[in-house]
Amino acid sequence: MAQSQVSALIVGADRLGNIPDLLRDHNIAIRHHISGRDPAHQKKAPSLPSGTDLVILLTDFLGHNVMKTFRLAAQRAGVRVLVCRRSVCSMQQALDQCGYCKACPLREDDAARSATRAPSCKRRGAQGGLALQG
């Protein structure tokens, strides 16, 4: 059974590095990426692009006011918010903890390989400052 793709808005950072590849592996498509540098993002809560299923806030590249405006916009739209730092490890940890991707086909593969797999950042106790709200 094919799972529908999750449409995400990422707020924060100028470059995403390897994060798009990780999200693609979890069946999450980045529909929009906003750096958060525009002063207009601090003044009023923007409306989310239509079809947005998930808002990802990259905390190490966002000011408090920008983060607050996008959290409020997501809350008004009834969209889940994933908060983490801009690193593949932190993003993976957030996705593992969020429960949003439980139906992800990779979870079945991970369960089969869990005995031979190296410990993830989550198991090593990496600091990430992440949370899921929604």
Side-chain angles (χ1 to χ4, degrees):
M1 169 173 21
Q3 177 183 339
S4 64
Q5 197 167 43
V6 175
S7 176
L9 165 68
I10 296 183
V11 183
D14 291 328
R15 289 176 298 239
L16 297 177
N18 294 329
I19 289 176
D21 296 332
L22 175 67
L23 293 175
R24 194 174 313 112
D25 289 344
H26 283 80
N27 206 24
I28 299 172
I30 301 170
R31 296 294 181 218
H32 298 282
H33 171 227
I34 299 171
S35 71
R37 291 181 181 258
D38 187 353
H41 294 148
Q42 297 179 24
K43 308 266 188 235
K44 63 176 183 150
S47 60
L48 299 179
S50 64
T52 301
D53 301 316
L54 178 67
V55 174
I56 300 172
L57 301 175
L58 303 176
T59 60
D60 44 350
F61 291 91
L62 277 182
H64 291 283
N65 291 333
V66 176
M67 195 176 312
K68 180 181 172 184
T69 60
F70 280 95
R71 280 183 197 252
L72 290 173
Q75 185 179 13
R76 280 195 316 269
V79 173
R80 293 185 95 176
V81 177
L82 183 72
V83 181
C84 65
R85 300 181 76 176
R86 194 208 78 177
S87 73
V88 172
C89 182
S90 181
M91 180 69 69
Q92 180 64 57
Q93 187 177 6
L95 290 169
D96 286 345
Q97 291 178 354
C98 75
Y100 196 73
C101 302
K102 288 212 189 278
C104 177
L106 293 179
R107 290 230 180 248
E108 296 167 8
D109 295 341
D110 287 345
R113 288 182 280 156
S114 64
T116 60
R117 197 166 112 193
S120 70
C121 296
K122 180 178 170 184
R123 290 184 195 108
R124 283 183 271 164
Q127 299 295 318
L130 45 97
L132 178 74
Q133 298 175 348

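Surrounding CG of Asp21 are more than 12 heavy atoms belonging to other residues, nucleotides or ligands, all under 6.0 Å away.
Shortest non-hydrogen contact noted between Ala74 and Val55 is CB-CG2, 4.0 Å. Residues Ala77 and Leu48 approach most closely at CB-CD1, 4.0 Å, considering heavy atoms.
Once rounded to the nearest 0.5 Å, the distance linking CG of Leu9 with NE2 of His33 reads 9.0 Å. Once rounded to the nearest 0.5 Å, the distance linking CG of Leu82 with CG of Leu54 reads 5.5 Å. The structure places CD of Gln92 at 8.5 Å from CG of Asp25, a figure rounded to the nearest 0.5 Å. How far NE2 of His32 is from CD1 of Ile10: 11.5 Å, rounded to the nearest 0.5 Å. Residue Cys84 holds its SG atom at 8.5 Å from CG of Asp60, rounded to the nearest 0.5 Å. Atom OG of residue Ser87 and atom CD1 of residue Ile19 lie 6.5 Å apart, to the nearest 0.5 angstrom.
Between Val81 and Gln75, the closest side-chain pair of non-hydrogen atoms is not below 4.5 Å. The shortest distance between side-chain heavy atoms of Leu62 and Phe70 does not fall below 4.5 Å.
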Self-check item: Trace of the side-chain contact (heavy atoms from CB on, under 4.5 Å) decision for Ile28 with Leu95
Solution: CA-CA 11 Å; Ile28 299 172; Leu95 290 169; 3.9 Å; yes
Quiz item: side-chain contact (heavy atoms from CB on, under 4.5 Å) between Val11 and Met67: does it pass, once the steps are laid out?
Solution: CA-CA 8 Å; Val11 183; Met67 195 176 312; over 6 Å; no
Exercise. Would you sort out whether Val83 and Arg71 count as a side-chain contact (heavy atoms from CB on, under 4.5 Å), showing the intermediate values?
Key: CA-CA 10 Å; Val83 181; Arg71 280 183 197 252; 3.7 Å; yes
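Under a 3.5 Å cut-off, the side chain of Asn27 and the backbone N or O of Ser4 do form a donor-acceptor pair.
With sequence neighbours excluded, the residues that form a side chain to side chain donor-acceptor pair (under 3.5 Å) with Asp14 are Arg37. With sequence neighbours excluded, the residues forming a side-chain contact (heavy atoms from CB on, under 4.5 Å) with Ser7 are Arg31, Asp53, listed by chain and number.
When Leu22, Leu16, Leu23 are each tested for a side chain to side chain contact (heavy atoms under 4.5 Å, CB included) with Pro20, only one passes: Leu16.
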